[in-house]
Structure formats: C-alpha cells, structure tokens
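All heavy atoms count here, side chains included; hydrogens, waters and symmetry mates do not. For this chain, numbers begin at 1 and follow the sequence in order.
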Amino acid sequence: MGGQDNILIFRYGNEKGKKYIAFTDMTNDITIEYGCAVNVFYNDLFSENKNTSCNLENLDIMRKTFIENKDVVVWKINNYILNYSSGKDKSFLFLSGRSGKLIKVDSDFIDKKIYKNIFKNI
C-alpha cells in the first residue's frame, strides 16, 4: 500500500516473506491520489476526520484496509502521531511529525505493545 520507493526491509530468519520489519518513507508517495499531504491523509484516516480535504474515495478504500475489523490505536508522543493498525498476522504503524514526513513501519511479528515500547521515547 503505497511508498514503493525509499523502503528498507529486515528479515529475521531464513524463510522468505516471514519474520520481517519494513520501513518506508511515504512522504512523497504518488502511488495513489491522496488529495492532501500524505501525513494528513493517514492522520485523517485514523482520526476519522469527517471535515477532511483529502480524497474521500481513497480514504474509504484505505479504511477497509487499515481500520475496519482491525485493532486500531492512535498515540500522540511528544510532537509525533503514531497510527497503529493490525489484523491477521500483519501490523502497521504510520509515524508522522510536524515536518510532514510520514514513515510506515510494517511487520508480521511486532505487536501493539512492542511498537509502543519502541516508540515511547521519540
């Protein structure tokens, strides 16, 4: 989902596609039409902002991917917003700050508690 450039993936183990963590800089992602800044799009998605200037059709599509029937949490730590979503055996964290940068972290083995512990001191 977005961010096909600027990606770094670590795999823990020998089995391809398993036990990984990926970091993607999505700040300048153009793979979908956001209709607003990428960080605003994901922050509005997770806050369910009804008064958004972002592309409503794509927000609905992403809502099905990241919000519906998922474990969703939003943390505000210092000057950062962390939007967390997990379901089945995959988790996502969208990290944004005041600069407008958006980093997506996804994994098949990191859960909510671990993400919060990792980012609690940013």
Side-chain angles (χ1 to χ4, degrees):
M1 290 284 163
Q4 295 183 11
D5 294 325
N6 301 317
I7 188 167
L8 174 64
I9 302 171
F10 294 98
R11 186 177 76 212
Y12 296 94
N14 296 326
E15 195 174 348
K16 286 187 176 185
K18 302 277 184 174
K19 306 271 294 170
Y20 69 89
I21 183 170
F23 300 86
T24 308
D25 181 349
M26 294 183 60
T27 308
N28 298 311
D29 180 41
I30 58 170
T31 60
I32 69 169
E33 176 56 49
Y34 292 102
C36 59
V38 177
N39 69 317
V40 171
F41 182 90
Y42 283 95
N43 289 335
D44 283 359
L45 172 68
F46 280 83
S47 70
E48 298 188 27
N49 181 5
K50 303 290 185 210
N51 197 20
T52 183
S53 63
C54 300
N55 183 315
L56 295 176
E57 183 179 342
N58 284 331
L59 277 170
D60 286 339
I61 291 167
M62 294 299 202
R63 192 169 286 112
K64 291 179 177 106
T65 303
F66 294 111
I67 305 296
E68 293 179 7
N69 302 313
K70 304 291 190 283
D71 181 13
V72 175
V73 178
V74 176
W75 297 298
K76 293 181 181 175
I77 302 174
N78 295 323
N79 294 318
Y80 296 94
I81 298 173
L82 294 86
N83 297 300
Y84 169 84
S85 171
S86 71
K88 296 195 177 176
D89 293 319
K90 195 161 187 172
S91 62
F92 299 90
L93 182 91
F94 297 89
L95 171 67
S96 64
R98 289 184 185 173
S99 69
K101 183 172 272 305
L102 181 82
I103 303 297
K104 177 180 76 167
V105 183
D106 57 291
S107 177
D108 65 345
F109 71 94
I110 297 179
D111 64 17
K112 177 172 44 179
K113 184 177 178 181
I114 293 171
Y115 275 120
K116 189 167 186 182
N117 197 31
I118 290 170
F119 290 103
K120 70 182 176 187
N121 293 316
I122 61 171

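The main-chain N or O of Y20 is found under 3.5 Å from a side-chain atom of D108 such that the two form a donor-acceptor pair. A distance-only check finds a donor-acceptor pair linking the side chain of N55 to the backbone of E57 [under 3.5 Å].
Once rounded to the nearest 0.5 Å, the distance linking CG of D106 with OG of S86 reads 12.5 Å. If you take CD1 on I9 and OG on S107, they are separated by 11.0 Å, rounding to the nearest 0.5 Å. To the nearest 0.5 Å, atoms CD1 (I118) and CG (L95) are separated by 11.5 Å. A distance of 11.5 Å separates CG in D111 from CG in D89, rounded to the nearest 0.5 Å. In this structure, CD1 on I81 lies 10.0 Å from CG on N79, to the nearest 0.5 angstrom. The OH atom of Y42 sits 10.5 Å away from atom SG of C54, with the distance rounded to the nearest 0.5 Å.
Looking only at side-chain heavy atoms (C-beta outward), V74 and S47 stay at 4.5 Å or farther from each other. Two residues are said to be in side-chain contact when any heavy atoms from C-beta on lie closer than 4.5 Å; N58 and Y34 fail this criterion. Considering only heavy atoms from C-beta on, M26 stays 4.5 Å or farther from F41 through its side chain.
Residues passing the side-chain contact (heavy atoms from CB on, under 4.5 Å) test with K101, sequence neighbours excluded: D25, T27, S99, I103. Remark: F119 pairs with no residue by the ring-ring contact (aromatic ring centres under 6.0 Å, His included) rule, at least two apart or across chains. Under the rule for a salt bridge (Lys or Arg N to Asp or Glu O under 4.0 Å), K120 has no partner lying at least two apart in sequence or in another chain. The side-chain contact (heavy atoms from CB on, under 4.5 Å) test applied to N28 returns no partner, not counting sequence neighbours. Remark: K19 engages no residue in a side chain to side chain donor-acceptor pair (under 3.5 Å) (not counting sequence neighbours). Take F109 and apply the ring-ring contact (aromatic ring centres under 6.0 Å, His included) test, not counting sequence neighbours, and it matches Y12. Remark: K116 engages W75 in a side-chain contact (heavy atoms from CB on, under 4.5 Å) (not counting sequence neighbours). By the side-chain contact (heavy atoms from CB on, under 4.5 Å) test, E68 pairs with R63, K64, sequence neighbours left out. Every ring-ring contact (aromatic ring centres under 6.0 Å, His included) that Y115 has, sequence neighbours left out, goes to Y84. Judged as a side chain to side chain donor-acceptor pair (under 3.5 Å), and not counting sequence neighbours, the contacts of N43 are N83, S96. Applying the side chain to side chain donor-acceptor pair (under 3.5 Å) test to D71 and every residue at least two apart in sequence or in another chain returns K112.
Heavy atoms from other residues, nucleotides or ligands lying under 6.0 Å from OH of Y80 number 12 at most.
Relative orientation of the F46 and F66 rings is tilted, given thresholds of 30° and 60° on the angle between their planes.
Under the 4.5 Å side-chain heavy-atom criterion for ILVMFWY residues, a single connected hydrophobic cluster contains both V73 and V105. Hydrophobic clustering, with ILVMFWY side chains joined whenever heavy atoms are under 4.5 angstrom apart, keeps V40 apart from F94.
Counting only residues at least two apart or on different chains, no salt bridge (Lys or Arg N to Asp or Glu O under 4.0 Å) pair has a member in residues 41-50.
The two residues G87 and K70 have their closest heavy-atom pair at CA-CD, 3.9 Å.
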